[in-house]
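Right, one structure below, let's go through it.
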Amino acid sequence: MFERSSVLIGVRKEGGRDGMDSQRRLRIGETRDWKLVQVAAFPTTAAELEQAVRASLGVDYLPARVGDAEVVGRRLLLRMAPEQFWIVTQDTEDIAPALRTAVAPAIGSVTTLSHSRTRIWIEGSHSREVLAKGLSIDLDATVFGPNSFALTGLHHTPVMVLRTGATRFEMYVLRTFAVWTWEWLTDAALPYGYDVDVPE
């Protein structure tokens, strides 16, 4: 398989910017070396799909509610819809073949989405304020804590926003909109100042 290249190489090179709050600068970056697999059932086969996925992954349970994520070992499991899950792994682990064996076509489908998404993250004490400029969801920790996520829109762009820590958020963005999203995020972060984390 072809190596997946980043669409953000050019804009990442522009580096960080100073802001008014230099003592609490933000960090912005791209997560690299990961894979994303979607498994989806038909409305009448959701229970069978969950059983097959649990057996294939060797886990006792999957996230119960839409919007919940579970970290299991080095994998991230997300319930995207009542009959749909995303499974995020490291680039060195390929779970798609085993899932395709476990999930019969009559039960559902297994689709690799890694090449269609870019993961952009922001971290720092002002990260929630920055994202609130463009997202119409409540990101307060009391309602949107770590391992919570939401499918939403950033202006005209569909994104999946995942809180991975107290002050860290990741956005899964279609590659087509990755550069625009990066430029929006860095522009929104200008008042606070930010550094760019460049993957090796």
Side-chain angles (χ1 to χ4, degrees), residues 1-19 25-39 69 71-78 80 84-97 99 110-124 126-135 137 139 146-165 167-200:
M1 183 175 284
F2 293 109
E3 181 179 351
R4 189 161 24 127
S5 60
S6 171
V7 295
L8 299 176
I9 291 175
V11 290
R12 284 199 324 249
K13 289 179 180 177
E14 295 175 7
R17 296 289 187 275
D18 292 327
R25 289 168 66 92
L26 295 155
R27 292 177 58 235
I28 298 173
E30 177 188 9
T31 300
R32 302 281 299 145
D33 301 325
W34 57 282
K35 288 181 179 174
L36 171 60
V37 176
Q38 175 180 282
V39 291
V71 177
V72 181
R74 304 176 88 171
R75 298 170 178 163
L76 176 65
L77 313 177
L78 307 98
M80 306 300 290
Q84 184 184 92
F85 297 89
W86 277 9
I87 304 161
V88 182
T89 66
Q90 293 189 328
D91 198 44
T92 53
E93 183 181 19
D94 189 3
I95 61 170
L99 285 168
V110 177
T111 309
T112 302
L113 299 178
S114 311
H115 288 74
S116 67
R117 299 296 193 281
T118 297
R119 285 169 69 182
I120 300 171
W121 56 264
I122 181 170
E123 184 175 31
H126 293 298
S127 57
R128 184 166 68 94
E129 290 93 325
V130 170
L131 292 176
K133 294 179 181 182
L135 301 178
I137 57 174
L139 297 174
N147 292 335
S148 295
F149 72 89
L151 295 169
T152 184
L154 181 64
H155 294 292
H156 63 281
T157 306
V159 297
M160 190 277 277
V161 181
L162 169 70
R163 188 176 206 141
T164 58
T167 63
R168 181 178 171 117
F169 297 85
E170 283 198 358
M171 290 189 289
Y172 288 65
V173 186
L174 289 167
R175 282 176 61 94
T176 310
F177 298 112
V179 171
W180 180 89
T181 303
W182 178 275
E183 291 176 343
W184 179 91
L185 189 62
T186 53
D187 185 65
L190 273 175
Y192 309 105
Y194 63 90
D195 296 307
V196 172
D197 187 87
V198 180
E200 295 180 358

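Nothing fancy with the numbering, it's 1 onward along the sequence. From a predicted model like this one, the values you see are computed outputs, not experimental measurements.
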If I take atom [atom1] from residue [X] and atom [atom2] from residue [Y], how far apart are they, to the nearest 0.5 angstrom?
X	Y	atom1	atom2	result
L8	E30	CG	CD	4.5 Å
D94	T89	CG	OG1	7.5 Å
H126	L131	NE2	CG	13.0 Å
E123	D195	CD	CG	11.5 Å
K133	L154	NZ	CG	12.0 Å
L162	R168	CG	CZ	10.0 Å

Shortest non-hydrogen contact between [X] and [Y], atoms and distance:
X	Y	result
L135	G153	CD2-O, 3.7 Å
M80	M160	CE-CG, 4.0 Å
I28	I122	CG1-CG1, 4.0 Å
P158	L174	CG-CD1, 4.1 Å
V179	V7	CG2-O, 3.5 Å
E183	T186	O-OG1, 3.1 Å

In this structure, is the centre-to-centre distance between the rings of W34 and Y172 below 6.0 Å?
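Ring centres of W34 and Y172 closer than 6.0 Å.
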T112 side chain to V37 main-chain N or O, any donor-acceptor pair under 3.5 Å?
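No; zero donor-acceptor contacts below 3.5 Å.
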Exam field: side chain K35 to backbone D91, donor-acceptor pair closer than 3.5 Å:
yes
[X] vs [Y] side-chain heavy atoms within contact, under 4.5 Å:
X	Y	answer
L99	I87	yes
Y194	R25	no
L26	S127	yes
T164	W121	no
F169	L139	yes
L185	M171	yes

